[in-house]
Amino acid sequence: MCGRTAVSLGADGIRRACTYRDKQGRRRHPEWKNADKYSPSYNKCPQSINPVLLSQQHFEKDSSSSEYVLVAMRWGLIPAWFKEDEPSKMQYNTSNCRSDTMMEKLSYKFNKSDIEDKDPGGQRLLTMAGIFDCWEPPNGEEALYSYTIITVEASKSVSSIHHRMPAILDGDEAVGKWLDFAEIPTQEALKFIHPIENLAFHPVSTVVNNSRNNTPECVVPIQLDLKKKTKVSASSKMMMNWLTNKPKKEEDDGLPRWSSQFIQAASASRKTSINVMNQGIEKEEGEPSAKQCKNQ
DNA sequence: CCAGACGTTGTT
DNA sequence: GTCTGG
DNA sequence: CCAGACGTTGTT
DNA sequence: GTCTGG
């Protein structure tokens, strides 16, 4: 639930999808710090590099709180004080952090930085709240930016499939407040982090389970057919075709167009089908299938 | 004082 | 069972 | 998050 | 780096 995602927009598409209005009300696009480190995928797992939107003030103290930048960061926070020479030596899972305890956790506590992570789904990105840090490897290699996604109790609608969900910032105002660390400290900003109902979701194929798979099949809705195997519906096939064949230009294009409506309606967000499928399978066949009841 | 930890999810 | 790699 | 490994010595 | 446990 909170450990896999997808971003199909390329660096420039992300940049345009992150269009915002500054204090003067002008439309702006955030600049990328390291766009080259990011690449889109239908299957983004912890440790992958993803687009993170944050206040320019993290880099330039005098800049306006309404100026944003994009930084490609590793999913799974490596705190600045981490002593080993490789991120993979982190013993603990820091891809998520619980909203209710993050202020007491040593790994997250004095991270000066609020962040927000931008993610995909259609033309409107799914904006998840997180925190980041910058770690300098002791061996003198390049600094690594990394982040963790905050989790909350599942909202009512989501609780039918899972008991936790990512903290989602629903709308520009919420995003702006979360990013404005100078005006609103983390402690305060956490108060408006809450489970949201305004979410669409659908089951997807177990193809997504293997993080090596990176095809539209990872995000396209499937029909949960309680009898027999699950099937890809006709409309899903259409969408899959569309995703597969859409020209390169369009891939990197965050601007609304005729097809975006389709995407937005059909896949505003997506979830692993496994838990839902379990319910189906157990009902149908009465098998408490051990394998499938594993964690997420 | 020093040593050692520093995390989440899910499942039983 | 638990850790690492994707 | 899930999938896949989980080991050593010696030889080609 | 900072906190907790001994």
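Letters A, B, ... mirror the listed sequences (proteins, then strands); counts begin at 1. The structure displayed is predicted, hence computed values, not measured ones.
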Please give the distance between the [atom1] atoms of [N] and [M] as a whole number of Å.
N: dG5(C); M: dC6(B); atom1: C1'; answer: 22 Å
N: dC3(C); M: dT8(B); atom1: C1'; answer: 15 Å
N: dT12(B); M: dC2(D); atom1: P; answer: 14 Å

Find the distance [X]:[atom1] to [N]:[atom2] and express it as a whole number of Å.
X: Asn43(A); N: dG5(C); atom1: CG; atom2: C1'; value: 14 Å
X: Phe110(A); N: dA5(B); atom1: CZ; atom2: C1'; value: 16 Å
X: Glu104(A); N: dA5(B); atom1: CD; atom2: P; value: 21 Å
X: Met1(A); N: dT11(B); atom1: CE; atom2: C1'; value: 17 Å
X: Lys109(A); N: dT2(E); atom1: NZ; atom2: P; value: 10 Å
X: Asp133(A); N: dG7(B); atom1: CG; atom2: P; value: 13 Å

message: Under 4.0 Å, counting only non-hydrogen atoms across every strand here, what does Ser48(A) touch: a base, just sugar-phosphate, or nothing?
response: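 Touches nothing.
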The dot-bracket string of DNA chain B, counting Watson-Crick and G-U wobble pairs with both distances under 3.5 Å, using [ ] for crossing pairs and | for pairs to another strand, is ||||||......
**Report entry** Distance-only donor-acceptor check, side chains Asn213(A) and Ser211(A), under 3.5 Å
**Finding:**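 There is no such pair (donor and acceptor under 3.5 Å, judged by atom type) between the side chains of Asn213(A) and Ser211(A).
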Next on the checklist: Given dG1(E), dG6(C), dT2(E), identify the nucleotide with an atom nearest to the side chain of Trp81(A).
Outcome noted: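 Ranking dG1(E), dG6(C), dT2(E) by closest atom to the Trp81(A) side chain puts dG1(E) first.
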Starting the side chain at C-beta, find the nucleotide from dC2(D), dT8(B), dG7(B) nearest to Asn209(A).
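Side chain of Asn209(A) sits closest to dC2(D).
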Any donor-acceptor pair, under 3.5 Å, between the side chain of Asn96(A) and the base of dT8(B), if you only look at N and O atoms?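 Side chain to base: no pair present.
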Check: dG1(E) base within 3.5 Å donor-acceptor of Lys83(A) side chain
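Counting by modelled atom types and ignoring angles, a donor-acceptor contact under 3.5 Å is found here.
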[X] vs [N]: side-chain N/O to OP1/OP2 distance below 4.0 Å:
X: Asn210(A); N: dC2(D); answer: no
X: Arg212(A); N: dC2(D); answer: no
X: Lys105(A); N: dA5(B); answer: no
X: Ser107(A); N: dG7(B); answer: yes
X: Ser211(A); N: dG5(C); answer: no

inquiry  = Tell me if a side-chain donor or acceptor on Thr127(A) pairs with a main-chain N or O of Leu169(A) at a distance below 3.5 Å.
reply    =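 Present.
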Query raised in the report: Just how far is it from atom CH2 of Trp75(A) to atom CD1 of Ile49(A), taken to the nearest 0.5 Å?
Result: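 With rounding to 0.5 Å, CH2 (Trp75(A)) is 12.0 Å from CD1 (Ile49(A)).
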